[in-house]
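Encoded as structure tokens, the structure appears first; notes follow it.
Because the structure is predicted, anything quoted here is derived from the model rather than measured. These numbers come from the heavy atoms of this one structure, side chains and all, not from hydrogens, waters or symmetry mates.
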Amino acid sequence: MRRTRILTAVLALAAGLLAGTPPALAADSTAKVSLAADTYTWKNARIDGGGFVPGIVFNRSEKNLAYARTDIGGAYRWQESSKTWTPLLDSVGWDDWGHTGVVSLASDSVDPNKVYAAVGTYTNSWDPKNGAVMRSSNRGASWQKTDLPFKLGGNMPGRGMGERLAVDPNKNSVLYLGAPSGQGLWRSTDSGVSWSQVANFPNVGNYQQDPSDTSGYASDNQGVVWVTFDESTGTSGNATRAIYVGVADLQNSVYRSTDAGATWTRLAGQPTGHLAHKGVLDAAGGSLYLSYSDKGGPYDGGKGQVWRYATATGTWTNISPVAEADTYYGFSGLTVDRQKPGTVMATAYSSWWPDTQIFRSKDSGATWTRAWDYTSYPNRANRYTMDVSSSPWLTWGANPSPPEQAPKLGWMTESLEIDPFDSNRMMYGTGATVYGTENLTNWDSGGQFTIKPMVQGLEETAVNDLASPPSGAPLLSALGDVGGFRHTDLAKVPSMMFTSPNFTTTTSLDFAETNANTVVRVGNLDSGPHIAFSTDNGANWFAGTDPSGVSGGGTVAAASDGGRFVWSPDGTGVQYTTGFGSSWSASSGIPAGAIVESDRADAKTFYGFKSGKFYVSTDGGATFTASAATGLPSGDSVRFKALPGGKGDVWLAGGATDGAYGLWHSTDGGASWTKLSNVDQADAIGFGKAATGASYQTLYTSAKIGGVRGIFRSTDKGATWTRINDDAHQWGWTGAAITGDPRVYGRVYVSTNGRGVIYGDTSGGGGTDPTDPTDPTDPTPTGACAVTYKITNQWSGGFQADVQLSNTGSSAWTGWSLGWAFPNAQTISQTWNAESAQSGSTVTAKNVGWNANVAAGSSVSFGFTGSWSGTNGKPTAFKLGDRACTVA
């Protein structure tokens, strides 16, 4: 799946304020700012996956410690007790949105608490900032960052190669980073705090996917692509002497140092004509395994090979599972079984049809078996069974003819890892999910192993639009790559994405305000219609007919009664229709490419915006007239919505830093606008159920208010605002869409660019929604408990602490709440892996969803940062509910 999300709000070019003083534009001088944050609980509307997972990393010294990286959606840590993934980079803010793209991960085998992430999304102009290396000493719960003097490309071609970042397994203060764009090889000798280029490394790479691409995306030099150490050539505390490095160069792809990085040489006798996607060293067997492709991936690749290099003798052996002449794909995914030297596996990552292929060898590549074989074409015999009941949409609603099957084994399978402590567990990433098995060795005994999604908690969709109708499903979403979903229960994975047709990307959707069963969506599809309709609230769909010239989805609006639609597709001008799009007529008076929306009370009124001008139609979209209002944003990075039930009540958000930027309100259908003076910048606006006693619906915006970027709520028509997220919950870029829930006060749905649909509920109360039951009251745990409280870092006025809570009783806990009192008036500022509340010196820390269950004999950990003055004494007593815990 091609995941090249270009953030229009960041990249839009604005021409500045229009000349003259707009007679119809006023500033709201009565507005006030309140940055007192409400306490919100944030969750994902479950989709489970939805994007490319190019890297999975297991720690080599601690069992069950694993990480996954995504190309645009951050990094995750595996939680063994719940078999789920925990997001680690939600604290990345708006200005650093590119740091949600993770080009590489490294887990420290000397100190498993340490983990590193090399971040940055694009190496060209699409990402305005340089890359960085983030480091954590608490497994990703909190991070420190070192900015680099160059960009990194977590969503660039070649992102499935790696890992580019590696920790010396003998001297863990030494790290290496392979850089793209001709920047070469970089080294840190102080645990990632500072970095310098390895000046004598001889090859910065030269491979470009498409040298003619003037955008700089496909023409970037993919650079130095992986680093691996031979741990047998070092001793604890001393730098490893043998280091292997892969370079994106078809003729010179592997280099080695035998003196801890002092000098480097090209490995003699290596194969040429291919790129080494992975280099996996099996020190016990004395072999470096390499998977090769003729292209950089993750989509392309027509030929491939697998080789073994004997580290002691320098002998190269071609161990390809099939002859290169018989490949139509490259090899990338590569792993060895650390428990069984000589067992190696590889993937045909770019085999799109009929399926990907996974190969396994038990004799160091001398012979191989396949995950599936043809019996008599087109029939297949599989060594595996697939159970996607937890993510049923992975079938894509397909009913293919053999040799294709649904669900597929995968595609874009560039990450493949056998658990170093468990020969039966394997995980691999695809373009849509993480698959895995826990009975892999059945492969060798002639039985079948079971593949299931191992992806819960890892949410990677890019969100383009959101809708929360007043009846029916609480949430409809327009998503990149997987189209979109109808959520009837936010805590459950929907059974299927939108189908009939299945857009590769849905760009816009809308429902009829007074008839929520009528829904329309538009999107991109290589061949087929670009618009679809539903008459049952999005449960079932049928395709409309495209006007001539349509090349993409654009935006769409449904009349408030569902009787007509206005569509602004890519490739042609704005169109309107009555009925369900069997025929279309061109709208007049509005330019092509305009953003369109409908009035939510008057069925014949539609609105449009393009390049600083607001347009209004009162005849169902047949003709539009430009408003005389000026002073609106001059670019097209704008989103606007009409208030449900309020004729002519429209809110507009958008702009750019070099021109008009903010939030505007019109009560006369766009004839005049008032700019809210208390909003510095705004990028999306939405409405939700009014607060008790309020006369106006609740406003939600992704904005900058009072100098602070965040998600804000107003219950008084924008007079005052309250920030409802916090610094730990920022999710990078959130400007595509936002909407409240018309049935549940305080609930808001937030778009992200790679972390899926986030929704928040206020702890201040409000209505409940029977389609999404609230969590039951946490039971009071029974049995004994023990607590270890450790101050892990302290500085002037501040400190960081870790708390370990152990279940020393005989019964499992299904929820926990730990209380204590600070002895010296310390104050908590930020908590991870728990929810905390403080009143005076008394603190209560409660489980979050993924760590509620604690088995007897097990423990759970959380941490926090806080402030102190004078003395920073440790609490001496802890209670689990009303039971005192032993203090270690």
Verify whether one side chain among Ser219 and Asp210 offers a donor that lies under 3.5 Å from an acceptor in the other. no
Using the six-membered ring wherever Trp is involved, compare the ring planes of Tyr299 and Trp352 and label them parallel, tilted or perpendicular (cut-offs 30° and 60°). parallel
Given Thr430 and Met412, is the side-chain contact (heavy atoms from CB on, under 4.5 Å) satisfied, shown in steps? CA-CA 5 Å; Thr430 76; Met412 292 168 63; 5.8 Å; no
Within 45 degrees of the ring normal and closer than 6.0 Å to the centroid, is that where the cationic atom of Arg69 sits relative to Tyr76? no
Considering only NZ, NE, NH1 and NH2 on the basic side and carboxylate oxygens on the acidic side, decide whether Lys408 and Asp355 come within less than 4.0 Å. no
Salt-bridge present (Arg639, Asp683; N to O < 4.0 Å): no
Just do the ring pair (Phe, Tyr, Trp, His ring centres under 6.0 Å) check on Trp396 and Trp393 with the steps written out, would you? CA-CA 5 Å; Trp396 248 255; Trp393 61 265; 5.4 Å; yes
Residue of the set Val115, Asn138, Val92 for which side chain to side chain contact (heavy atoms under 4.5 Å, CB included) holds with Trp143: Val115
Between Tyr349 and Ser293, is there a donor-acceptor pair closer than 3.5 Å when you use the side chain of the first and the backbone of the second? no
Under 3.5 Å donor-acceptor, Thr506 side chain and Gly483 backbone: yes
When you look at NZ of Lys303, are more than 12 heavy atoms from neighbouring residues, nucleotides or ligands closer to it than 6.0 Å? yes
Would you say Gln681's side chain and Lys704's backbone share a donor-acceptor pair under 3.5 angstrom? no
Please check if the side chain of Asn524 supplies one atom and the backbone of Gly553 the other of a donor-acceptor pair under 3.5 Å. yes
Taking every heavy atom of Pro633 against every heavy atom of Gly654, the minimum-distance pair comes out as CG-O, 3.6 Å
Does the side chain of Thr413 come under 3.5 Å of the side chain of Thr356 through a donor N or O and an acceptor N or O? yes
Checking side-chain polar atoms at under 3.5 Å, does Asn464 have a donor or acceptor matched by the opposite partner on Thr507? no
Classify the side-chain pair Tyr207/Asp249 by whether it contains a donor and acceptor separated by less than 3.5 Å. no
Quick one: salt bridge (charged side-chain N to carboxylate O under 4.0 Å, His left out) pairs with a partner in residues 91-108, sequence neighbours left out? Asp96-Lys129, Asp96-Lys145
Set out, in order, the CA-CA distance, both residues' side-chain angles and the distance that settles side-chain contact (heavy atoms from CB on, under 4.5 Å) for Leu476 and Leu466, then state yes or no. CA-CA 6 Å; Leu476 305 172; Leu466 296 170; over 6 Å; no
Carboxylate-amine/guanidinium proximity below 4.0 Å for Glu163 and Lys278: no
Answer yes or no: is there a donor N or O on one side and an acceptor on the other, between the side chain of Arg77 and the main chain of Pro87, under 3.5 Å? no
With Tyr176, the side chain to side chain contact (heavy atoms under 4.5 Å, CB included) member among Thr228, Val198, Val245: Val198
Can a donor-acceptor pair be found between the side chains of Arg135 and Thr146 at a distance below 3.5 Å? yes
Under 6.0 Å between ring centres: does that hold for Trp78 and Tyr67? no
Please confirm whether the backbone N or O of Phe58 pairs with a side-chain atom of Ser107, one donor and one acceptor, at under 3.5 Å? no
Verify the distance criterion only: is there a donor paired with an acceptor across the side chains of Ser508 and Thr555 at less than 3.5 Å? no
Is a donor on one side and an acceptor on the other found under 3.5 Å between the side chain of Thr100 and the backbone of Trp97? yes
